[in-house]
Amino acid sequence: MYFFLLNLALLDLGCISTTLPKAMANALWDTRAISYQGCAAQVFFFIFMIGAEYFLLTVMAYDRYIAICKPLHYGSVLGSRACAQMAAAAWGSGFLNAVLHTANTFSLPLCQGNAVDQFFCEVPQILKLSCSDAFLREAGALVFSVSLVLGCFVFIVVSYVRIFRALLRMPSQPGRHKAFSTCLPHLAVVSLFVSTAMFTYLKPNSISSPSLDLVVSFLYTVVPPAVNPLIYSMRSQELKNALRLLLSYMLLKHK
């Protein structure tokens with residue numbers, strides 16, 4: 001589990017580093033300029049990090065399933081070699097997905113200007129600038145990726161259905177609570193990741209606006225990677241005590 005958390009932390013760091021530093025630099029220098037090569041690199045690394053993180057969360061759901069439903073087989077099923085292979089598969093899947101979308105997107109001619117209504121380069125916004133029928137190729141790639149995402153989502157849901165069934169069969173209340181507490185951070189991270197991404201890309205056009213799109217994109221690109229370490233750290237009693245002391249101090253200060 002800790003090996004997967006290390007990979008998740010690296011992906012969260014990479015995801016934020018792909019978009020936020022450039023956005024902060026542009027805000028500091030009061031510009032929105034980015035080179036064509038820089039935009040392509042940003043699209044590639046963002047899709048790479050986001051895709052690999054989602055695939056890794058799917059692998060972590062399987063890890064929780066084996067740990068709770070088949071604890072006696074955990075060491076044999078998820079040994080160090082198996083964990084390394086699954087993590088490598090998550091990174092590799094994200095890389096191939098990023099290559100596919102970046103190559104398709106930047107092979108299209110742009111004739112609708114070069115201004116993207118976002119704080120970072122994003123595939124849907126770039127496709128709006130295309131004037132070629134070749135955008136159907138990227139649409140096909142998007143359909144493939146959506147199918148893959150839905151497959152992973154179904155796998156996560158099925159894993160947790162089996163986990164909850166196993167928890168309900170546990171006779172010990174403390175054991176049930178302890179097992180559930182190991183799943184709660186992962187469940188929270190997946191929910192935050194999926195809900196923000198779904199709202200970003202599936203919200204109705206009637207409520208869409210440049211300012212709202214900007215805020216929502218910030219929420220799903222920056223908030224989940226920034227909050228994920230805090231969610232997993234909440235299992236630490238020392239951190240809980242520190243937060244209680246901080247909240248108590250703030251409340252007393254305002255009285």
Side-chain angles (χ1 to χ4, degrees), residues 1-21 42-69 74-75 77-99 101 120 145 148-160 162-163 178-200 217-240 243:
M1 183 64 176
Y2 292 106
F3 174 74
F4 293 134
L5 289 178
L6 172 62
N7 282 267
L8 182 64
L10 292 175
L11 289 170
D12 285 335
L13 181 62
C15 186
I16 291 181
S17 301
T18 300
T19 58
L20 203 55
Q42 195 174 66
V43 167
F44 172 78
F45 283 108
F46 178 73
I47 297 177
F48 174 32
M49 297 297 172
I50 285 289
E53 180 166 340
Y54 186 67
F55 297 137
L56 184 67
L57 289 173
T58 305
V59 170
M60 292 172 71
Y62 179 69
D63 172 84
R64 291 299 83 207
Y65 164 72
I66 296 297
I68 293 175
C69 299
Y74 187 85
V77 176
L78 289 174
S80 57
R81 183 175 181 180
C83 289
Q85 289 174 342
M86 288 190 290
W91 285 82
S93 300
F95 177 82
L96 294 176
N97 190 44
V99 169
H101 287 291
F120 71 104
S145 295
L148 196 60
V149 167
L150 287 176
C152 292
F153 182 73
V154 169
F155 182 87
I156 293 172
V157 170
V158 171
S159 297
Y160 271 102
R162 294 185 176 183
I163 287 172
K178 183 178 180 181
F180 181 72
S181 67
T182 63
C183 299
L184 192 59
H186 177 261
L187 198 57
V189 168
V190 171
S191 300
L192 180 64
F193 185 93
V194 173
S195 60
T196 52
M198 286 181 63
F199 183 75
T200 300
S217 294
F218 178 83
L219 288 177
Y220 101 92
T221 57
V222 176
V223 173
V227 174
N228 288 351
L230 181 61
I231 291 175
Y232 273 100
S233 298
M234 288 305 294
R235 293 182 60 193
S236 169
Q237 190 61 41
E238 291 80 5
L239 181 61
K240 291 180 181 178
L243 286 176

Legend entry - Spacing of I50 atom CD1 and N97 atom CG [to the nearest 0.5 Å]: 11.0 Å
Inset, instruction - Mind checking the CG-CZ spacing from L150 to F155? Nearest 0.5 Å is all I need. - result: 15.0 Å
Inset, instruction - State, yes or no, whether a side-chain contact exists between L8 and F4 at a heavy-atom distance under 4.5 Å. - result: no
Legend entry - Approximate separation, where rounding is to 0.5 Å, of L187 CG and L57 CG: 11.0 Å
Legend entry - Listed partners of Y160 passing ring-ring contact (aromatic ring centres under 6.0 Å, His included), at least two apart: F164, H186
Legend entry - Separation of E53 CD from D12 CG (nearest 0.5 Å): 4.5 Å
Inset, instruction - Specify the closest pair of heavy atoms between A98 and I47, including all atoms of both residues, with the distance to one decimal. - result: CA-CG2, 3.7 Å
Legend entry - Residue of the set N7, V59, T58, D63 for which side-chain contact (heavy atoms from CB on, under 4.5 Å) holds with M86: V59
Legend entry - Approximate separation, where rounding is to 0.5 Å, of L56 CG and C152 SG: 11.0 Å
Inset, instruction - Determine whether M49 and L13 make a side-chain contact, defined as any pair of heavy atoms from C-beta on separated by less than 4.5 Å. - result: no
Legend entry - R162 backbone acceptor or donor facing Y65 side chain under 3.5 Å: no
Inset, instruction - Taking the side chain as every heavy atom from C-beta outward, state whether V77 and Y62 have any pair of such atoms under 4.5 Å apart. - result: yes
Inset, instruction - Please report the closest heavy-atom contact between A61 and S159, naming both atoms and the distance. - result: O-CB, 4.1 Å
Legend entry - Side chain to side chain, F153 and V190, heavy atoms closer than 4.5 Å: no
Legend entry - Mutual orientation of the aromatic rings belonging to F95 and F48 [parallel < 30°, tilted 30-60°, perpendicular > 60°]: perpendicular
Legend entry - Separation of M60 CE from I156 CD1 (nearest 0.5 Å): 10.0 Å
